[in-house]
Amino acid sequence: MITLNGDYKKLRGNFLFTEIAKRTNDFIAAHPDADVIKIGIGDVVRPLVPAVINALHKAVDDMGTYEGFHGYGPELGYSFLKDKILLKDYKERGIDIAYDELFVSCGTKCDTSAIQELFSKDTVIAVTDPVYPVYVATNVMAGRSGAFDDVLQGYNGIVYLPCTEDNNFIPELPKQKVDAIYLCYPNNPTGLALKRDELKVWVDYARKTGAIILYDNAYEVFITEDDVPHSIYEIDGAKEVAIEFRSFSKIAGFTGTRLSYSVVPKELKRIDENGDMVSLNAMWTQRQTMKYNGAPYIIQRGAEAIYTDEGRAQVMSEIGYYMENARIMREGLREAGFTVYGGVDAPYIWLKAPGGDSWAFFDRLLNEYHVVGAPGVGFGPSGEGFFRLSAFNSRENTLKAIDRIRKGIK
Ligand code: PLP
């Protein structure tokens with residue numbers, strides 16, 4: 001009889017967002033008239049910009065003609081989009097990425113989940129803590145962890161790199177040997193970024209130890225400070241050690257439309273179980289062409305529009321809107337006496353929860369002020385005592401939520 005993958009059982013699932021939804025729904029059921037404002041979720045709320053909408057309409061019309069119809073596309077992305085990504089996101093920043101090092105697909109969640117298939121089962125995984133939960137969960141499902149430890153609030157076998165107030169939320173280099181490290185900067189959930197010299201420490205470490213960096217750059221467009229790198233490949237030697245992931249979700253409001261890309265440089269090579277030197281670019285090409293049939297033509301045309309002057313200006317105006325929300329939250333909460341981090345290079349605020357218990361603070365905000373955020377402990381053990389607020393909201397809701405908190409809790 002078939003035996004199923006028992007590693008799935010180790011998963012703590014989507015405990016964080018399921019529990020947030022449960023507590024919020026229970027509260028709404030008990031207080032149907034309450035005006036509950038949700039500022040915890042990391043999903044965009046504003047519509048796609050006109051340049052994207054026009055491009056999508058045009059692409060739909062293409063699909064209704066013999067000349068413009070597109071069936072299966074190239075698995076790794078259409079050249080009309082790839083050429084623009086290579087030029088605008090890399091070449092114009094002084095980085096040369098080859099055409100066949102760029103892979104277009106349907107989301108950074110899928111890409112960061114799938115990449116671990118290239119590694120052997122005994123690969124030691126390190127994550128910054130707190131962390132976007134997908135990196136951990138997908139490695140647990142692949143059998144690279146022990147059980148969840150209720151005391152430590154983490155999985156045995158996964159190396160957690162604490163990001164705390166004591167180290168300014170900058171992870172220290174691992175004390176033990178690790179093989180693959182997920183770095184996400186600008187960071188979800190802390191809302192902080194690494195400066196160029198801080199990221200260089202990691203690239204140098206990986207070059208020295210042979211570790212691979214999986215660099216999730218989903219929030220690149222929110223960077224405002226000059227010394228924060230827009231790509232890990234701005235750091236010398238990064239092509240030998242790093243894979244970069246980017247998403248159109250937060251950049252252009254594509255969370256429901258779905259599009260992303262990854263860069264796997266040809267310099268990135270490691271040995272396989274036979275001791276043969278293998279190119280990760282060749283493996284990822286195999287993986288994507290075998291398991292994936294390409295992102296939709298219509299959506300890639302929509303994404304292409306953000307690389308025009310008009311599209312870029314419209315998208316940056318949306319980013320400015322969200323970052324103004326971040327500023328309102330950051331400054332409003334500081335004025336109210338809270339300790340607040342992030343929100344300068346990323347659309348998240350990392351708030352120190354008074355009392356130190358993130359779920360108790362969640363309940364207090366919900367019950368007293370009808371505001372919903374995300375308890376930090378849901379992002380990893382070092383998230384306890386913190387709270388994530390998201391700038392992805394309307395201005396009205398942001399102002400209202402901060403005003404309520406400001407007037408109430410000190
Ligand atoms: N990576 C990080 C760090 C995220 O915060 C998110 C979404 O919240 C994603 C990836 C998901 O990206 P996508 O919508 O492209 O799957």
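Both ligands and their constituent atoms are indexed starting at 1 by order of listing. Just so we're clear, the structure is a prediction, and the values are computed from it rather than from any experiment.
Looking at heavy atoms from C-beta onward, Ile306 lies in side-chain contact with Val52 at the 4.5 angstrom threshold.
A heavy-atom separation below 4.0 Å is not found between Phe392 and ligand 1. Taking 4.0 Å as the cut-off, Tyr219 counts as a neighbour of ligand 1 on heavy-atom distance.
Of the candidates Asp216, Val131, Ile251, it is Asp216 that places a heavy atom closest to atom 2 (C) of ligand 1. With Thr255, Thr112, Thr108 as candidates, the residue nearest to atom 12 (O) of ligand 1 on a non-hydrogen basis is Thr108.
Regarding atom 7 (C) of ligand 1, its nearest protein heavy-atom neighbour is Lys250 NZ, 3.1 Å. Scanning the protein for heavy atoms near atom 9 (C) of ligand 1, the closest one is Tyr132 OH, 3.3 Å. Looking from atom 14 (O) of ligand 1 to the surrounding protein, the closest heavy atom is Ser249 OG, 2.6 Å.
In terms of the side chain to side chain donor-acceptor pair (under 3.5 Å) criterion, residue partners of Ser358 (sequence neighbours excluded) are, by chain and number, Glu384. Remark: Tyr322 engages Phe392 in a ring-ring contact (aromatic ring centres under 6.0 Å, His included) (not counting sequence neighbours).
At least one N or O atom of Ser247 sits closer than 3.5 Å to an N or O atom of ligand 1.
Atoms of ligand 1 found under 4.0 Å from any heavy atom of Tyr135, numbered from 1 in the order shown, are 3 (C). When each atom of ligand 1 is checked for a heavy atom of Gly107 under 4.0 Å away, the hits are 15 (O), 16 (O). For ligand 1 and Cys184, the ligand atoms under 4.0 Å from any heavy atom of the residue are 3 (C). Counting the atoms of ligand 1 from 1 in the order shown, those under 4.0 Å from a heavy atom of Lys109 are 11 (C), 12 (O), 13 (P), 16 (O).
Residues Leu48 and Ala252 come closest through the heavy atom pair CD2-O, 3.4 Å. Between Arg258 and Ile299 the shortest heavy-atom distance is O-CG2, 3.4 Å.
The environment of Asp35 atom CG is dense: over 12 non-hydrogen atoms of other residues, nucleotides or ligands sit within 6.0 angstrom.
Under a 4.0 Å N-O distance rule, the pair Glu220/Arg246 qualifies as a salt bridge.
Relative orientation of the Phe248 and Tyr307 rings is perpendicular, given thresholds of 30° and 60° on the angle between their planes.
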